[in-house]
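The figures that follow rest on heavy atoms only: side chains count, while hydrogens, waters and symmetry mates do not.
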Amino acid sequence: MIVAQSLGMLERLSWHEAEPLQRSHLVVEALRRAYRDRALLGDPDFVAAPLARLLSDGYLDRLAAGIDRERATPSRTLPPAPPWREGEHTTHFAVIDSDGNAVAATLSLNMMFGAAFTVPGTGVLLNDEMDDFAAEIDGSNAYGLHGSSANAISGGKRPLSSMSPTFIESAEEFAAFGTPGGSRIPSMVLLSALSYLDGEPVQAWPATPRYHHQYLPDVLQYEADAFTPAQLEALRARGHHPRLIERDYGNQQVLYWHKPSGRVQAASDPRGIGRALRVPPLTPAQ
């Protein structure tokens, strides 16, 4: 992993174009960061190593961007290796087969341990999506979403959900989007879809910096790289109330099919633990 990460960073820094001293500097800085991440690894028979995330394009881009070409980064100033964390509730996957049949599926347990009940004899843990009902008409649920009498609890009634598996299709293209993330799911899918519509490469769709507003609370939540300081000041001047999101959220999975060429691409959120695979390497029928 150290070798692969170091090579990935050096490739992004055009190592081969540098003079000898600069090459050595860049190698040292790449190794500094790769060895820091080594702390996340262990015996794979006992520890689920987050290799896909540590070697993802988005993560390596961020590591390389943090290297100063002129100065060494004191190791003590680097934050600890980002902890690997398994998802706590909702799951999303997107699949397409060789005939062009596609599925975007979001499956929710909702909060930690769901309803804390299993189906006898199965081990299947039941969800607690009753929280998605408006249990209190004037209150809010665990995600701060406010409800109304339209979403009040009633026999045989399904609660509102933020799950938003999405397809965008034209005569030549097909794209699928979806993610976990509670009330932030729709905004994540929207921003990813806008990245697609802007012509960004597939890997950029789930990696795009995120921001979110859900009416109440009246707060503009944003990731650290979503806005520049100047943009934040301009948003405040317009009456917005930005609030930095302190932790990663979401685990978006996307795929893209270019129909004329049969080319299929997929990408997984660099913040999460998903993985993009082609098994076997077939393309959809024309």
Side-chain angles (χ1 to χ4, degrees), residues 1-88 179-181 188 192 195 200-210 222-228 244-255 265-279 281:
M1 193 278 291
I2 292 174
V3 173
Q5 271 195 318
S6 298
L7 287 172
M9 284 182 268
L10 292 171
E11 179 183 21
R12 288 160 172 77
L13 294 167
S14 301
W15 166 88
H16 60 284
E17 298 175 0
E19 50 87 16
L21 181 61
Q22 180 73 346
R23 286 188 176 197
S24 298
H25 170 72
L26 295 177
V27 167
V28 170
E29 291 303 299
L31 287 171
R32 185 195 308 274
R33 287 155 176 81
Y35 272 92
R36 178 200 62 170
D37 286 357
R38 181 179 180 275
L40 298 174
L41 306 181
D43 185 339
D45 289 339
F46 293 83
V47 179
L51 295 180
R53 179 169 65 84
L54 294 177
L55 297 175
S56 69
D57 287 338
Y59 184 64
L60 291 175
D61 287 345
R62 291 197 295 274
L63 287 183
I67 292 177
D68 187 326
R69 292 178 177 271
E70 302 300 327
R71 298 288 299 175
T73 304
S75 292
R76 67 180 182 278
T77 68
L78 282 179
W84 178 82
R85 180 178 58 86
E86 188 173 355
E88 297 171 351
T179 182
M188 283 188 277
S192 185
S195 182
E200 296 291 330
V202 174
Q203 290 75 19
W205 304 352
T208 189
R210 292 172 180 156
Y222 69 95
E223 290 185 322
D225 53 352
F227 303 115
T228 66
L244 178 66
I245 300 169
E246 299 290 349
R247 58 184 286 268
D248 289 340
Y249 68 93
N251 188 18
Q252 184 151 191
Q253 314 299 319
V254 302
L255 61 83
Q265 296 175 278
S268 183
D269 197 326
R271 307 165 185 79
I273 60 173
R275 189 177 179 189
L277 294 173
R278 293 177 59 134
V279 183

Residues Ala4 and Leu55: closest non-hydrogen pair is CB-CD2, 3.7 Å

Minimum heavy-atom distance Trp205-Ser195, with the two atoms named | CD1-OG, 3.5 Å

Between Glu70 (side chain) and Asp68 (backbone), is there a donor-acceptor pair under 3.5 Å?
-> no

Counting distance only, does the side-chain N/O of Arg33 pair as donor-acceptor with the main-chain N or O of Met9 below 3.5 Å?
-> no

Is a salt bridge present between Arg12 and Asp57, judged by a nitrogen-to-oxygen distance below 4.0 Å?
-> yes

Calculate, to the nearest 0.5 Å, the distance between atoms CG and CZ belonging to Leu244 and Phe227 respectively.
-> 11.0 Å

Are the side chain of Glu223 and the backbone of Ala226 linked by a donor-acceptor contact shorter than 3.5 Å?
-> no

Do Thr208 and Glu200 have side-chain heavy atoms sitting under 4.5 Å apart?
-> no

Closest non-hydrogen atom pair between Arg36 and Pro79, with its separation | NH1-O, 3.0 Å

Hey, is the main chain of Ala72 close enough, under 3.5 Å, to the side chain of Arg32 for a donor-acceptor pair?
-> no

State whether the side chain of Ser268 and the backbone N or O of Ala276 hold a donor-acceptor pair below 3.5 Å, judged by distance alone.
-> no

Is the closest side-chain heavy-atom distance between Ile245 and Tyr222 below 4.5 Å?
-> no

Rounded to the nearest 0.5 angstrom, the CD1-OH distance for Ile2 and Tyr35 is 4.0 Å

Are Val254 and Thr179 close enough that some pair of their side-chain heavy atoms sits under 4.5 Å apart?
-> no

Taking all heavy atoms of Leu31 and all of Ser6, pick out the closest pair and write down the distance.
-> CD2-OG, 3.6 Å

Closest heavy-atom pair and its distance - Val27, Trp15 | CG2-NE1, 3.5 Å

Here the gap from Glu17 atom CD to Gln22 atom CD, rounded to the nearest 0.5 Å, amounts to 11.5 Å

Rounded to the nearest 0.5 Å, how far does CD of Gln5 lie from CG of Leu63?
-> 6.0 Å

Between Gln203 and Pro270, is any pair of side-chain heavy atoms under 4.5 Å apart?
-> no

Less than 4.5 Å apart, any side-chain heavy atom of Thr73 and any of Ile67?
-> no

Taking all heavy atoms of Met1 and all of Leu51, pick out the closest pair and write down the distance.
-> CG-CD2, 3.7 Å

Expected output: side-chain Arg69 to main-chain Leu13 donor-acceptor under 3.5 Å | yes

Between the side chain of Arg271 and the main-chain N/O of Pro206, is any donor-acceptor distance below 3.5 Å?
-> yes

Check for a donor-acceptor pair, side chain of Arg23 on one end and backbone N or O of His16 on the other, with a separation under 3.5 Å.
-> yes

